[in-house]
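Computation of the quantities below employed the complete heavy-atom set of this structure, encompassing side-chain atoms and omitting hydrogens, waters and symmetry-equivalent molecules.
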Amino acid sequence: MGDPAAGAAALLWSITAMSDTAERLPRVRAWDRPRAFAVIGEMVWWVTIVDATLVRHHQEAYDGVLAGQPPAQRRVIDGTLAGLRFVRNRIGDEADLAGFIEPSPPRPGAGGRVTGWTWKALPEPALTSLTPRGQEWEMTRYRAYRARLAGHTTGEVFGQAVAFLKLAAASTSITDTGVHAAS
């Protein structure tokens, strides 16, 4: 299992990186597409890393915070995080992040920033290279992507994910997290 102090430090570092990237996201202008896609990719990475770490190493705290949410919000959180896992699993060798994002005209209140870009609706992925169990797992995440990400803005999706993960992290036994759910 490794050194618990090292694991706690790694989680804190990951939460800090996720939070810092979340703070940068609204400052990225839509005209700077290379930087915009880079920051969105970082957000996908950090959110899914923090989520996986909390699920694997702080399951009780994670489940407790999730159970404390109203049922509709639990579904939103679960679906949002599963949809982001789908994106993480597909980008790289199989797909480009630009295939997931619609750089749209600024929406009211988005001010020409990438937080107003929307996640695209995507066709079902080809999963023939996966085992039946792997296909089922990936299709569950694809359906979550369609339900919770497609048509929603990057700002909305990441905002929901980060708020929940900060709340879950703050409820762990790790001390001095410096993480505040209200951010």
Side-chain angles (χ1 to χ4, degrees), residues 1-26 28 37-71 73-95 97 100-101 114-115 119 125 130-131 133-134 136-145 147-149 152 154-183:
M1 286 290 161
D3 179 6
L11 176 59
L12 291 175
W13 187 85
S14 297
I15 292 165
T16 300
M18 177 188 73
S19 299
D20 289 350
T21 306
E23 288 175 16
R24 284 195 343 257
L25 186 67
V28 177
F37 282 112
V39 174
I40 291 169
E42 285 181 58
M43 280 302 306
V44 169
W45 174 255
W46 288 120
V47 164
T48 58
I49 287 294
V50 170
D51 180 54
T53 303
L54 288 168
V55 166
R56 287 185 183 103
H57 301 288
H58 302 280
Q59 184 74 50
E60 190 173 311
Y62 185 95
D63 287 346
V65 171
L66 190 59
Q69 303 299 310
Q73 186 61 21
R74 279 196 302 268
R75 287 189 295 277
V76 167
I77 293 165
D78 277 339
T80 299
L81 293 169
L84 288 169
R85 285 183 217 114
F86 174 76
V87 174
R88 180 209 54 214
N89 292 346
R90 305 302 289 176
I91 58 177
D93 293 337
E94 297 179 29
L97 185 58
F100 289 89
I101 302 290
V114 299
T115 52
W119 296 92
L130 299 176
T131 65
R133 183 175 178 209
E136 181 182 332
W137 189 90
E138 196 66 9
M139 281 306 295
T140 299
R141 274 124 195 95
Y142 167 74
R143 286 189 290 276
Y145 173 87
R148 296 301 330 146
L149 274 66
H152 295 271
T154 58
E156 175 188 357
V157 167
F158 290 129
Q160 292 168 343
V162 169
F164 170 74
L165 293 172
K166 284 182 174 183
L167 187 61
S171 73
T172 67
S173 60
I174 299 171
T175 58
D176 291 330
T177 61
V179 174
H180 304 286
S183 302

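- The distance from the OG atom of S14 to the CG atom of L54 is 9.5 Å, given to the nearest 0.5 Å.
- The main-chain N or O of W45 is found under 3.5 Å from a side-chain atom of T48 such that the two form a donor-acceptor pair.
- With contacts defined as side-chain heavy-atom distances shorter than 4.5 Å, the pair T53/I15 does not qualify.
- Across all non-hydrogen atoms, the minimal contact from L149 to G79 is CD1-O, 4.4 Å.
- In this structure, E136 places its CD atom where only 12 or fewer heavy-atom neighbours from other residues, nucleotides or ligands lie under 6.0 Å away.
- With rounding to the nearest 0.5 Å, the separation of CD1 in I49 from CG in L165 is 11.5 Å.
- The backbone N or O of A67 sits less than 3.5 Å from a side-chain atom of R74, completing a donor-acceptor pair.
- Side-chain N or O atoms of T154 include one that pairs as donor or acceptor with a backbone N or O of V114 at under 3.5 Å.
- One finds the CZ atom of F158 at 10.5 Å from the CD atom of E42 (value rounded to the nearest 0.5 Å).
- Nearest approach of L84 to A161, heavy atoms of both residues: CD1-CB, 4.1 Å.
- Within 6.0 Å of the CD atom in E60, the count of heavy atoms belonging to other residues, nucleotides or ligands does not exceed 12.
- Evaluated for a side-chain contact (heavy atoms from CB on, under 4.5 Å) with T80, the options V157, D51, V47 yield exactly one hit, V157.
- Across A82 and R141, no two heavy atoms sit closer than the pair O-CG, 3.3 Å.
- Between Y145 and F86, the ring-plane angle classifies as tilted under the 30° and 60° cut-offs.
- Within the 4.5 Å cutoff, no side-chain heavy atoms of H58 are placed close to those of S171.
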field: Intermediate values then yes/no, side-chain contact (heavy atoms from CB on, under 4.5 Å), V55 and D63
entry: CA-CA 8 Å; V55 166; D63 287 346; over 6 Å; no
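- For F164 and Y62, the ring centers are positioned less than 6.0 Å apart.
- Residues K166 and S19 share a closest heavy-atom pair of CE-OG, 3.0 Å.
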message: Set out, in order, the CA-CA distance, both residues' side-chain angles and the distance that settles side-chain contact (heavy atoms from CB on, under 4.5 Å) for Q160 and I77, then state yes or no.
response: CA-CA 7 Å; Q160 292 168 343; I77 293 165; 6.0 Å; no
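- How far CE of M43 is from CZ of R88: 14.0 Å, rounded to the nearest 0.5 Å.
- Here the CG-CD distance, from L66 to Q73, works out to 9.5 Å after rounding to the nearest 0.5 Å.
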- prompt: Does the pair V44 and F100 meet the rule for a side-chain contact (heavy atoms from CB on, under 4.5 Å), with working shown?
  reply: CA-CA 12 Å; V44 169; F100 289 89; over 6 Å; no
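- Nearest approach of A168 to A61, heavy atoms of both residues: O-CB, 4.4 Å.
- Ion pairing of D78 with R148 is absent here, as no side-chain N (NZ or NE/NH1/NH2) approaches a carboxylate O to less than 4.0 Å.
- When all heavy atoms of G83 and A144 are compared, the closest pair comes out as N-CB, 3.7 Å.
- A cation-pi arrangement is absent between R133 and W137, since the terminal nitrogen or guanidinium carbon is not both under 6.0 Å from the aromatic centre and inside a 45° cone about the axis.
- At a threshold of 4.5 Å between non-hydrogen side-chain atoms, the residues L11 and H57 do not count as touching.
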